[in-house]
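So the structure is just underneath, and the comments pick up after that.
Chain naming here is simple, since letters A, B, ... match the order of the sequence lines and numbering starts at 1 in each. Side chains included, hydrogens not; waters and symmetry mates left out as well; all remaining heavy atoms used.
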Protein chains: 2
Amino acid sequence: MKTHTESEENYIKALYHLGGEQPVSNGDLAQRIGAKGSSVTQAVKRLGQKDLVNVVPYKGVQLTPQGIRLAKSILRKHRLWETFLVDKLGFGWDEVHPLAEQLEHIQSEELVDRMFQFLGSPKHDPHGDPIPERDGQMPPVLGQPIGAFTAGVEIRIVRVEDAGSEFFDQLDTMNINLGNTYKIRAISAFDSSVELGSSTGSFWLSQSMCANIYAIQS
Amino acid sequence: MKTHTESEENYIKALYHLGGEQPVSNGDLAQRIGAKGSSVTQAVKRLGQKDLVNVVPYKGVQLTPQGIRLAKSILRKHRLWETFLVDKLGFGWDEVHPLAEQLEHIQSEELVDRMFQFLGSPKHDPHGDPIPERDGQMPPVLGQPIGAFTAGVEIRIVRVEDAGSEFFDQLDTMNINLGNTYKIRAISAFDSSVELGSSTGSFWLSQSMCANIYAIQS
DNA sequence: AATAATTTTTAGCTTTGCCTAAAATAAAAA
DNA sequence: TTTTTATTTTAGGCAAAGCTAAAAATTATT
């Protein structure tokens, strides 16, 4: 696998995030990258020449199998670094994203492999997102939104969406962490908010909080 | 402290390595960086505009106090990363340099501080080189070349120069590591080679090996 | 001191990656 | 089906960083 510029890798990442294997519009990509449409047009042309994407002018851009492989390898690095930063260095899960965005561009298969071992071959990162395997396989995406359960069920938080720093702050102040278990006490028929109970008491979670918190029955 | 490009940081690093606080010639810098003189002329002009260096055309380039501060902060990161790679991930000390050269450009004070703690506040890296402190202070440069001792003395290896991969290979095959202790058995009057003795036997070290291995009496 | 050799700088060109403004195309509305 | 609106592409610029080749300055040699 050749070596790519940081900018190229960022485009690949954005493409994977927005469309996965599906085509993505110039505009969406521009917004995600934070550049103007004209810059994006050029950039994807370059990526096309390296066979990382297929471009259909005025229609959209789509990752090639090669592009997908690269995207996953970047995602693997990103999530391994996040795991390292949280598990080993004690960063908060809300702080690690920008740092991982720098670290994910470090080029060294060996480093990735050793880091993976060092972290105990993790399957999921600190947000519960699956860490792609060496060969591109994806571990399962865990859980369903809290609102999807029924009252009375015991649940365990296994994943949270990256819904911005205010969301993470709120999790923090409510002391909600991956691995926590609760009982679903009630679900409001009025606004879909949910009452969670634990040994220390119970509290209500708004519908929009619930939509970004994923759990499994347990 | 503003943010700099990788190229800029590489120039600063090279400048510090070649001249420390002293001026450096365009040619030497070009050779170190691996670029043509004309490129260097331009580059240092840019650095001058950022007050990282003072340039006297046709005479030489010299780091400003700001430049020195930056150089040390990069060196700190480089050596901390090397320590991490060797101590935590199990890389060989001969392999870590190129990787640290990528990692040293990661921008985050917080990361550096946490890494420093995580590693147990090390004063020296895996080669025994001093790791600059947060505030720019330098721990002592340890040891003197093995040839500088006299026969009969007990020594401990505390530092090795980065004299290329063949040198490291040789250390490896001779099983010489930082922390090893030996007795100086003899010093050849003919070729300045040195006979070292340990519990497992004794062996001779060429003068050029000795020149790159530093020890303290102990 | 004058010439030769070396080093450094200037001038001009290339690529990446971004920008603005204008032209072209596609999608939506009348 | 035209016309209007929105999206995308082209054209032309700019900065960083590298290059080559030629000019200028410095250093070394006769």
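- Taking 4.0 angstrom as the limit, B/Thr5 places none of its side-chain polar atoms (N or O) nearer than this to OP1 or OP2 of D/dA16.
- A/Glu104 has a carboxylate O that lies under 4.0 Å from a charged side-chain N of A/Lys13, or vice versa, which qualifies the two as a salt bridge.
- Nearest-nucleotide positions on DNA chain D place A/Lys59 closer to the 5' end than the other of B/Gly37 and A/Lys59.
- An OP1 or OP2 oxygen of D/dA17 is reached within less than 4.0 angstrom by a side-chain nitrogen or oxygen of B/Arg46.
- In this structure, the CD1 atom of A/Ile33 is 17 Å from the C1' atom of D/dT8, given to the nearest Å.
- Nearer the 5' end of DNA chain C, as judged by each residue's closest nucleotide, is the contact made by B/Asn26, out of B/Asn26 and B/Gln42.
- Distances shown here put every side-chain N or O of A/Thr41 at or beyond 4.0 Å from the OP1 or OP2 atom of D/dT8.
- The phosphate of D/dA16 has neither OP1 nor OP2 within less than 4.0 Å of any side-chain N or O from B/Tyr11.
- The CD-P distance, from A/Gln31 to D/dA6, rounds to 16 Å in whole Å.
- Summarising the geometry, the separation between CZ on A/Arg32 and P on C/dC18 is reported as 15 Å, rounded to the nearest angstrom.
- Side-chain atoms of B/Ser38 come within donor-acceptor range of the base of D/dT20, with a qualifying N/O pair under 3.5 Å.
- Across the interface with DNA chain C, nearest-nucleotide mapping of B/Asp28 and A/Lys50 shows B/Asp28 to be the residue nearer the 5′ end.
- Looking only at distances, a side-chain donor or acceptor of B/Lys77 sits under 3.5 Å from a matching main-chain atom of B/Ile106.
- Atom NZ in A/Lys36 sits about 19 Å away from atom P in C/dG17, given to the nearest Å.
- For B/Glu8 and D/dA15, the CD to P distance is 15 Å, given to the nearest whole Å.
- Taking the six-membered ring for Trp and thresholds of 30 and 60 degrees, A/Trp93 and A/Phe168 have ring planes inclined between 30 and 60 degrees apart.
- The side chain of A/Tyr58 has C/dT25 as its nearest neighbour among C/dT25, C/dC18, D/dT10.
- D/dG18 atom C1' lies 14 Å from atom CG of B/Leu29, rounded to whole Å.
- Because its NZ or CZ atom is not both nearer than 6.0 Å to the ring centre of A/Phe116 and within 45° of the ring axis, A/Arg134 does not count as a cation-pi partner of that residue.
- Here the P atom of nucleotide C/dT16 and the CD atom of B/Glu6 are 17 Å apart, to the nearest Å.
- The distance from atom CG of B/Asn10 to atom C1' of D/dG18 is 14 Å, rounded to the nearest whole Å.
- No side-chain donor from either of B/His78 and B/Asp125 sits under 3.5 Å from a side-chain acceptor of the other.
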